[in-house]
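What follows is a set of notes on a single structure, which appears directly below.
Keep in mind that what you see is a predicted model, and the values were worked out from it rather than measured. Letters A, B, ... are given to chains in the order of the sequence lines, protein chains preceding strands, and every chain is numbered from 1.
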Protein chains: 2
Amino acid sequence: MNHHFAIDLALVDDHKLFRKGLITLIEHVNPKCKILFEADDGIDLQSKLNPKSLPEILLMDINMPRMNGFETVKWLTENYPSIKVLVVSMVEKEDTIVQMLKLGVRGYLCKDVEPHELGEALASIASKGYYYTDFVTGKLVHTLQNPDTSGAAHHRFSQHEMDFIKLACSELTYVQIADKMCLSPKTIDGYRNSLFEKLEVKSRVGLVLYAVRNNLVSVE
Amino acid sequence: MNHHFAIDLALVDDHKLFRKGLITLIEHVNPKCKILFEADDGIDLQSKLNPKSLPEILLMDINMPRMNGFETVKWLTENYPSIKVLVVSMVEKEDTIVQMLKLGVRGYLCKDVEPHELGEALASIASKGYYYTDFVTGKLVHTLQNPDTSGAAHHRFSQHEMDFIKLACSELTYVQIADKMCLSPKTIDGYRNSLFEKLEVKSRVGLVLYAVRNNLVSVE
DNA sequence: TCTAAATTCAGGGTTTTTCCTCTGCCGTAG
DNA sequence: CTACGGCAGAGGAAAAACCCTGAATTTAGA
């Protein structure tokens with residue numbers, strides 16, 4: 001895969017200090033690495049990617065403004081499938097990791113790993129094409145063994161349902177929500193009941209908590 | 001203050017990769033700095049602080065497991081008031097910054113600043129004792145000018161009120177909450193009404209959202 | 001094309017929430 | 001002693017939320 005002596009890298013992370021630190025660190029643990037460029041987020045990455053000189057490995061954060069890690073990886077697989085992504089995030093949530101693996105990333109590191117592990121990951125991805133730790137495979141296996149128990153099931157919602165959920169996370173009454181959505185209050189009644197059943201909640205408060213926990217609404 | 005040629009530092013951050021990166025970065029931007037030790041969080045810091053050789057400046061994160069930045073800074077001012085704290089966090093929320101400044105930290109940097117600013121901050125704190133950027137003072141001035149508008153007011157709650165709020169963030173009815181708190185439903189009525197007025201919310205959902213936004217309840 | 005599922009809505013009922021006012025109780029500052 | 005504020009609680013009523021069953025329309029699949 002790698003025809004140069006160096007491993008061409010690029011970094012996508014919105015925290016400059018972390019990025020710069022990571023760069024000096026990488027130069028220490030693996031001098032063969034060459035950092036082509038850095039980007040603040042997915043949007044920034046799109047403008048900085050030069051098809052004539054693509055990075056071999058992309059170190060990517062997940063939480064970023066404007067265009068996050070998920071969207072960026074999705075965009076990359078469609079536009080530059082040859083680029084291998086190594087996620088470096090502080091998120092340790094199982095479904096986040098699993099979702100990233102489904103999107104085809106070549107490795108997933110938490111930001112609290114030892115520096116030498118970063119070096120190993122880079123070397124492994126450059127030579128073998130991937131780097132999966134026991135931590136990551138452990139999460140993966142656990143997900144396979146417990147597919148959807150404990151309400152961790154990933155529900156999909158129609159546009160109307162999403163709109164309703166967002167409006168339910170407000171101080172509007174159902175009548176006012178119906179008004180905003182240009183639907184009869186009785187229809188809203190229906191949405192509520194079906195969502196209560198689907199999400200196994202018993203009250204509007206339960207629905208709001210579900211939405212918050214699953215990032216269906218922006219809290220801040 | 002500083003009797004040595006070197007500036008003695010210590011780092012408190014739960015992300016090893018960031019910490020290590022920061023160290024190599026600091027050694028680049030300010031070779032006079034000497035890192036005494038690193039810690040994962042406040043608890044870890046307590047065990048690693050050696051009274052015979054205290055760091056002059058402590059670089060500290062806010063979001064950490066077990067003992068977070070706020071608690072740690074509070075503990076430091078009580079036990080080691082001579083140590084100067086420089087917060088390095090990705091949190092840019094106004095009241096977080098203001099709260100930290102109230103606790104007496106000597107500087108506040110976001111993780112997306114340029115490395116050279118970190119060097120300037122360290123040099124400034126070592127010589128002048130503080131480093132306050134326009135960004136930070138701007139937030140401070142804004143808070144002074146708008147003391148309590150827009151719901152940013154920091155309310156204090158009695159134990160009963162806190163218990164009620166937490167139980168309100170569940171699928172329990174008020175009667176069940178009254179039962180759990182061993183109070184009359186009518187008393188719960190009173191708590192609800194006074195909280196609605198204090199927090200300027202109009203419904204239980206509004207109360208729940210307030211609690212979530214202000215981290216009164218653990219969401220995850 | 002026929003059927004099944006999803007969508008939208010109605011009627012009518014129960015439960016819960018919300019909002020009033022008003023009563024004691026207790027501590028404490030004047 | 002007494003006025004005042006805070007806390008616990010009561011009665012009652014209106015509004016909102018919740019929960020059925022049923023029915024027309026539209027959409028999707030076999």
Side-chain angles (χ1 to χ4, degrees), chain A residues 147-148 151 153-219, chain B residues 147-148 150-151 153-214 216-219:
Chain A
D148 271 343
H154 257 301
H155 298 278
R156 241 161 251 132
F157 304 103
S158 69
Q159 193 54 51
H160 268 319
E161 280 178 323
M162 272 307 297
D163 293 343
F164 167 72
I165 290 172
K166 285 186 181 168
L167 290 168
C169 294
S170 77
E171 300 200 332
L172 298 173
T173 68
Y174 287 136
V175 174
Q176 291 170 319
I177 292 174
D179 205 53
K180 282 222 171 198
M181 294 178 67
C182 298
L183 288 169
S184 155
K186 285 296 180 182
T187 307
I188 297 300
D189 244 57
Y191 282 128
R192 174 168 43 68
N193 291 335
S194 78
L195 280 173
F196 277 14
E197 199 176 346
K198 258 196 268 185
L199 309 180
E200 295 179 84
V201 298
K202 284 182 281 294
S203 69
R204 181 162 168 182
V205 171
L207 179 63
V208 170
L209 291 172
Y210 176 92
V212 170
R213 277 194 254 270
N214 294 83
N215 290 313
L216 267 45
V217 291
S218 54
V219 184
Chain B
D148 273 343
S150 77
H154 256 299
H155 298 278
R156 241 160 249 130
F157 303 104
S158 69
Q159 193 54 52
H160 269 317
E161 281 178 322
M162 273 307 296
D163 292 342
F164 168 71
I165 290 172
K166 286 185 178 167
L167 290 168
C169 295
S170 76
E171 300 199 332
L172 299 173
T173 70
Y174 288 134
V175 174
Q176 292 170 318
I177 291 174
D179 206 52
K180 282 222 172 198
M181 294 179 67
C182 298
L183 287 169
S184 157
K186 283 297 180 181
T187 306
I188 296 301
D189 242 61
Y191 283 127
R192 175 169 43 67
N193 291 334
S194 78
L195 281 173
F196 276 15
E197 199 174 346
K198 259 197 268 187
L199 309 180
E200 295 177 85
V201 299
K202 284 183 280 296
S203 70
R204 182 162 167 181
V205 170
L207 179 64
V208 171
L209 291 172
Y210 175 92
V212 170
R213 275 193 255 270
N214 294 84
L216 267 44
V217 291
S218 54
V219 184

What do the steps show when you test A:Ile177 against A:Lys180 for side chain to side chain contact (heavy atoms under 4.5 Å, CB included), and what is the final call? CA-CA 5 Å; A:Ile177 292 174; A:Lys180 282 222 171 198; 5.6 Å; no
Pick base, sugar-phosphate or nothing for B:Ser158, based on heavy-atom distances below 4.0 Å to the nucleic acid. nothing
Minimal heavy-atom distance between B:Ser170 and A:Val205, with the atoms involved, is O-CG1, 3.3 Å
At what distance, to the nearest 0.5 angstrom, does [atom1] of [X] lie from [atom2] of [Y]?
{"X": "B:Leu195", "Y": "B:Tyr210", "atom1": "CG", "atom2": "OH", "result": "9.0 Å"}
{"X": "A:Arg192", "Y": "A:Leu207", "atom1": "CZ", "atom2": "CG", "result": "10.0 Å"}
{"X": "B:Thr187", "Y": "B:Phe164", "atom1": "OG1", "atom2": "CZ", "result": "11.5 Å"}
{"X": "A:Leu216", "Y": "A:Glu161", "atom1": "CG", "atom2": "CD", "result": "10.5 Å"}

Between [atom2] of [N] and [atom1] of [X], the distance in whole Å:
{"X": "B:Tyr174", "N": "D:dG9", "atom1": "OH", "atom2": "P", "answer": "17 Å"}
{"X": "B:Leu195", "N": "D:dG6", "atom1": "CG", "atom2": "P", "answer": "14 Å"}
{"X": "A:Leu172", "N": "D:dA15", "atom1": "CG", "atom2": "P", "answer": "18 Å"}
{"X": "A:Glu171", "N": "D:dA15", "atom1": "CD", "atom2": "P", "answer": "19 Å"}
{"X": "B:Phe157", "N": "D:dC7", "atom1": "CZ", "atom2": "P", "answer": "13 Å"}
{"X": "A:Phe196", "N": "D:dC20", "atom1": "CZ", "atom2": "P", "answer": "12 Å"}

Short of 4.0 Å, heavy atom to strand atom, which residues of residues 182-192 of chain A count as contacting DNA chain C? A:Leu183, A:Ser184, A:Lys186, A:Thr187, A:Tyr191
Does one side chain, of A:Asp163 or A:Gln159, offer a donor that lies under 3.5 Å from an acceptor on the other? yes
For the side chain of B:Gln176 and the backbone of B:Thr173, is there at least one donor-acceptor N/O pair under 3.5 Å apart? yes
Distance under 4.0 Å to a non-hydrogen atom of chain A counts as contact; along DNA chain C, which nucleotides mark the start and end? C:dT8 to C:dG12
